[in-house]
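Notes for the one structure printed next.
Values below: every heavy atom of this structure, side chains too, minus hydrogens, waters and symmetry copies.
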Amino acid sequence: MERRSFIKKTVLSSFTALIGAEIVFGSKIQNGYTPLALQDPDPYKLFSKNKDMVILNDKPWNIEAQAHLLDDKITPNSSMFIRNNGRTPEKINPKDWLLTIDGESVKSKKTYTLDDLKSKFQKHTYQLTLECGGNGRSEFDPPAKGNQWTIGAVHCASWTGVRLSDVLKDAGIKSNAVYIGYHAFDTHLSGDPSKEPISRGCPMSKALQDETLLAFEMNGKDIPLIHGYPVRLVAGGWPASVSGKWINRISIRDRIHDGTKMTGTAYRIPCNPVAPGEKVKDEDMCIIESMPVKSLITYPKTGATIKEGKSLNIRGHAWAGELEVSKMEYSIDFGTTWTTCPIEKPSNRLAWQHFSAKIDFPKKGYYEVWARATDTNNTAQPMLLPGWNPKGYLNNACHRIAVKVI
Amino acid sequence: MSNDKEFEKKIKKAEKTAYLALFFSLIASILLLFAVYNPSLSIFGSQKSDAIYSEVIEDEDKIENGIHLRTGLIEAEGLMTVVNNCTNCHSAKLVTQNRMNAERWNTTIKWMQETQNLWDLGENQEIIVNYLVTNYPAIAKGRRMNLKDIDWYTLKN
């Protein structure tokens, strides 16, 4: 929008420049061509996002939430982060959409229309936590390359679709199947049609889980274009890049899928821990599977001031990849003491869990409320950054909010 | 008396002529301005907005307060080399978010050339990397930073 007022201003103020511009460029402009600057560039309107969402990148689109925007138990579209690797495809006619199941380990290559999916297989709805592998990357030192996510690349929406396992079994899975790899119809940033922006996947064991869906609805409605319309793979608890958007093909592979962003250093961490800044060879990098235990304080928004003697009610969510959160604690003295608070059971496996607490502060002053979740393997969130890794993945350090008692 | 009347008439006639001349020169200058400003007279047709579009292009590399407006990049030596080589495929936001040393930028460039269809940068590579490490240096963050830029507000109830 700034761009537009800028255009108006310069048109009014700079008559001579306008004359010059017209003489120089007027004849070169084709009829019907609308320069990019004049297309509606407001991503908040375009994607129906809350105005407090933060744009990290606009080519490709990468937009994250802030903690207080994620307060809902089921994340609404308006607060859901966007992570794109390529160009957003044009909205396709669902009648033209086809899903192909192929690969070395499919018994017979098969295609399905959207109606086939909806009529041949049973529908299931799950609330699933999807977190970007790089959520929290901005905190790593030395800095890691890529979009500098802070804390907002996570959401837990309700997804409806058919089980991937039902569809794969319908096509037939050979006994040598190892992995699935997805393919989609978004296009590469360079415009090169031979390149896929991203083509990831997961081992058969994850692909065949009940909660791994080929989803066609998000929060009870058609999936918005930016989140993968018409069909998206949803694999809760794993890096969200496994949950491919705009899916049109799934390959059952007899080896670990080798599509774009499966190899090299993408979505991989050092197999063995390394010192900050250490160089790691590609062959010493291992694929990320389940995401680590983590939590967010979604109420109140950081920066709250309260009167002395008043209690503070906090709440938020915690999740633990493939596991469940078994314990939730908070600290108002930088980890010197921790207080356990109730944590609800998930609405289904792989959904985030809700916690709440009522906090009393001993005296006036500056406080930070830190939250710490522990999973069923007794692994807790660290207060400091976890192990440094070259691509800045898996930062599950405790979230904290600032509070002043006056 | 008749001389006076004749003089008055002449004055009035001159006045009229002057007004006419002024009127015509005004019309002529407006037409001239139109002709210069909009030679095809398209302003009266359907291409009216083209003039505004071309203005955008003319100002594409405008710099205000040391910032290249279109990309948000800092104005410094090498700016246009960065704009022309590093903002075609991805946004400049991806560049400015990342803080790396020269070695890691060179590695990143190599990766983009091997996998993302980035062209050979030739002598421009040094200009680009120098621009980046000078204007977007890495900030030491340690193992955990203080909370900063806190927007304090009074919590109701």
* Taking all atoms of both residues into account, what is the closest heavy-atom pair of A/A402 and B/W152, and its distance? ->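 Here A/A402 and B/W152 meet closest at CB-CH2, 3.8 Å.
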* Which pair of heavy atoms, one from B/I150 and one from A/Y366, lies closest together, and at what distance? ->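 Here B/I150 and A/Y366 meet closest at CD1-OH, 4.0 Å.
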With respect to chain B, which residue among [options] yields the maximal number of heavy-atom pairs within a distance under 4.5 Å?
| options | value |
| --- | --- |
| A/D141, A/T260, A/L312 | A/D141 |
| A/G146, A/P142, A/P60 | A/G146 |
| A/I55, A/T302, A/N147 | A/N147 |

* To do: Answer yes or no: does atom CG of B/N146 have more than 12 heavy-atom neighbours from other residues, nucleotides or ligands under 6.0 Å?
  =>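 No, not enclosed.
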* **Within 6.0 Å of CD in A/E278, more than 12 heavy atoms from elsewhere** =>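 Yes, CD of A/E278 has more than 12 neighbouring heavy atoms, counting only those of other groups under 6.0 Å.
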* To do: May I ask you to test the A/P276-B/R143 pair for a side-chain heavy-atom distance under 4.5 Å?
  => yes
Would you confirm whether [X], through its side chain, and [Y], through its main-chain N or O, come within 3.5 Å as a donor-acceptor pair?
| X | Y | value |
| --- | --- | --- |
| B/R99 | A/A144 | no |
| A/Q148 | B/N98 | no |
| B/N117 | A/S190 | no |
| A/T305 | B/Y153 | yes |
| A/N57 | B/K93 | no |
| B/K141 | A/S138 | yes |

Tell me, for [X] versus chain A, whether the close heavy atoms (under 4.5 Å) come from the side chain, the backbone, both or neither.
| X | result |
| --- | --- |
| B/L147 | both |
| B/T96 | neither |
| B/M145 | backbone |
| B/N88 | backbone |

* How long is the gap from CG on A/N62 to CG on B/L94, to the nearest 0.5 Å? ->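 The distance works out to 8.0 Å.
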* Partners of A/N313 by side chain to side chain donor-acceptor pair (under 3.5 Å), sequence neighbours excluded? -> none
* Knowing that exactly one of A/L56, A/L189, A/D58 qualifies, which makes a side chain to side chain contact (heavy atoms under 4.5 Å, CB included) with B/S91? -> A/D58
With a 4.5 angstrom heavy-atom cut-off, could you sort out which part of [X] is near chain B: side chain, backbone, both or neither?
| X | answer |
| --- | --- |
| A/K307 | neither |
| A/P197 | neither |
| A/K195 | side chain |

* Pull out the residues in residues 103-114 of chain B that come under 4.5 Å of chain A, heavy atom to heavy atom, sorted by number. => B/E103, B/R104, B/T108, B/W111
* Worked check of salt bridge (Lys or Arg N to Asp or Glu O under 4.0 Å) between B/R144 and A/E139 -> CA-CA 7 Å; B/R144 204 83 208 253; A/E139 286 194 287; 2.9 Å; yes
